[in-house]
Amino acid sequence: MKQSLLFVPTLKDAPSDAEVKSHKLMTRAGLIKQVAAGIYSYLPLGYRVIKKIEKIIREELDKIGASELLLPALQPRDLWDESGRWDKYGPELMRLKDRKDRDFCLGPTHEEVITQVVRDYLNSYKKLPLALYQIQTKFRDEMRPRFGLMRGREFIMKDAYTFTETEADLDTWYQKFSDAYTAIFKRCGLKTRIVSSDVGQIGGDEADEFMVMSEVGEDLITYCTDCDYAANQDHSKLNDGDDCPVCGGTITTAQGIEVGNIFKLGTKYSESMNAKVINEDGQHIPVIMGCYGIGISRTLMASVEQHATDKGLLWPDEITPFHIHILPINVNNETHMTLANTLYTSLKEKGIEVLIDDRKERAGSKFKDSDLMGIPYRIVVGKDAKNGQVEFTNRYESETSLKTIEDILDFF
RNA sequence: CGGGAAGUAGCUUAGCUUGGUAGAGCGCUUGGUUUGGGACCAAGAGGUCGUAGGUUCAAAUCCUGUCUUCCCGACCA
């Protein structure tokens, strides 16, 4: 991709509204632009990362046998009356009316719709289990949106739902999703911690959250320094210095960003919305449900929070918007441009995502923008081009060395 | 929703106390000089000072309402 054609509005100064590192840098690097409180546009560079995260999620969920569908964001009140949540959800539910004055809402979550989708199909235990997921924009009229993409009123989420006949089958799927999540976040370059959490107003038996440890996280995590025990403080009620309930070790607290959760729903929605199957004994039983969410836009934000430096971003390999950034120092210099274009074409032919900064900018501006954008490998084509050499920087290692085109092509 | 802060050009902001009709830096346009870490010189374009009302001969400035944004809290599958 030629940078002259890519819309990357970088800024020297962060908008005064931005408070946390990720928000400042994502704005400065031209990834996102705020539209209103908690509402953002994803610009090309940011959207490329979003799509990478989505790709990883799709691969890992397809692997465990979940299938993707797409549900409506706009949902009629009737469905929410069936579950009783039209009255219970409160002002966080974005409500609106159509031209006939009929009530609708913009989905903050999709239990009602997914249950409506499957209930007519699910008539026999033989059709179970079933695991469905979608990637979609969610709407929640938060009292206080904050920290850029951390808590938005509109955000991108992957939500999945399982339908099983027995608790044991639910447990199996719960574990599958837990393992898939671990793989997903690892591939996204994030260090996460699994913590037990409250089941909340929703009821159910068990819930876990996937946390990215960060000082801007909204949740307080209690964990044991001696064993694997970890729980959201809302759930454990433990404090710093308390004894670990598992091994008797010492409890420590830290803040975390919740990027994913998995939840054993039970029969709350299948009962209220009449999603029942006939079991082997000929009895009508409500299906047992589980739900599993990943905040995709929040994952993007958490990654920036975890990887960014004061100079700019630095993307993990699997979600970087481009792998290689080629900077020809002087676009009017034929030697520079010929060498840069040769590299660009050859690398692209190898299937590598390459961005070439072909803009008529001065070297300094190109370096600064490149630092901000955080593409992990940088190739500077400049004063050594006449000898057929370029400067190659691996930004993970902060190492720079002179290389020939052949060296570069061998490396990738 | 309670507490606090702030709205002046695309971004950062000065001016407000003490009213006299808006200034800078970055960015943008044109010309020239530059050309390896956000260049320099010159000439330009760009603002109903969030908005509505009030006080006044006169309001970015004072008063009131309102909207928006941010921070803390409460809230949050």
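First the proteins, then the strands, lettered A, B, ... as listed; each starts at 1. FYI, side chains are in, hydrogens and waters are out, and symmetry mates aren't considered; it's all heavy atoms of this structure.
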## Note on the structure
Counting primed atoms, P, OP1 and OP2 as sugar-phosphate and everything else as base, the B/S/- map of nucleotides 1-11 of chain B against protein heavy atoms under 4.0 Å is B---------S

### Message
For the NZ atom on A:K127, are there more than 12 heavy atoms of other groups (residues, nucleotides or ligands in this structure) within a distance under 6.0 Å?
### Response
yes

### Task
Over 60° means perpendicular and under 30° means parallel, so classify the ring planes of A:F210 and A:F185, tilted if in between.
tilted

### Any side-chain heavy-atom pair of A:M373 and A:Q3 under 4.5 Å
yes

### Whole-Å distance separating the CD1 atom of A:I39 from the P atom of B:rU68
12 Å

### Query
Does the ring of A:F322 carry A:R48 above it, NZ/CZ under 6.0 angstrom from centre and within 45° of its axis?
yes

### First encountered from the 5' end of RNA chain B, between A:D17 and A:M157
A:D17

#### Entry: Worked verdict on A:E59 versus A:K63 for salt bridge (Lys or Arg N to Asp or Glu O under 4.0 Å)
CA-CA 6 Å; A:E59 287 173 3; A:K63 217 183 268 180; over 6 Å; no

#### Entry: Intra- and inter-strand pairs of RNA chain B in dot-bracket (Watson-Crick or G-U wobble, both distances under 3.5 Å; | for another strand)
(((((((..((((......[..)))).((((((.....)))))).....(((((..]....))))))))))))....

### Task
Ignoring hydrogens and angles, state whether a donor on the side chain of A:Y269 or A:R119 is under 3.5 Å from an acceptor on the partner side chain.
no

### Query
With respect to the side chain of A:E92, which nucleotide from B:rU69, B:rC76, B:rC72 is positioned closest?
B:rC76

### Message
Side chain of A:D369 only, heavy atoms from C-beta on: which candidate in B:rG38, B:rG36, B:rC71 is closest?
### Response
B:rG38

### Query
Quick check: does any side chain N or O of A:D81 sit under 3.5 Å from a backbone N or O of A:D78, one acting as donor and the other as acceptor?
no

### Query
Looking at B:rG36, does its base get a donor-acceptor pair with the side chain of A:E391 below 3.5 Å?
yes

### N or O in side chain of A:R362 less than 4.0 angstrom from B:rA39 OP1/OP2
yes

### Query
Does the base of B:rC76 carry an N or O that pairs as donor and acceptor with the side chain of A:R151 under 3.5 Å?
yes

### Task
Assert yes or no for the condition that the ring centre distance of A:Y377 to A:F412 is strictly below 6.0 Å.
yes

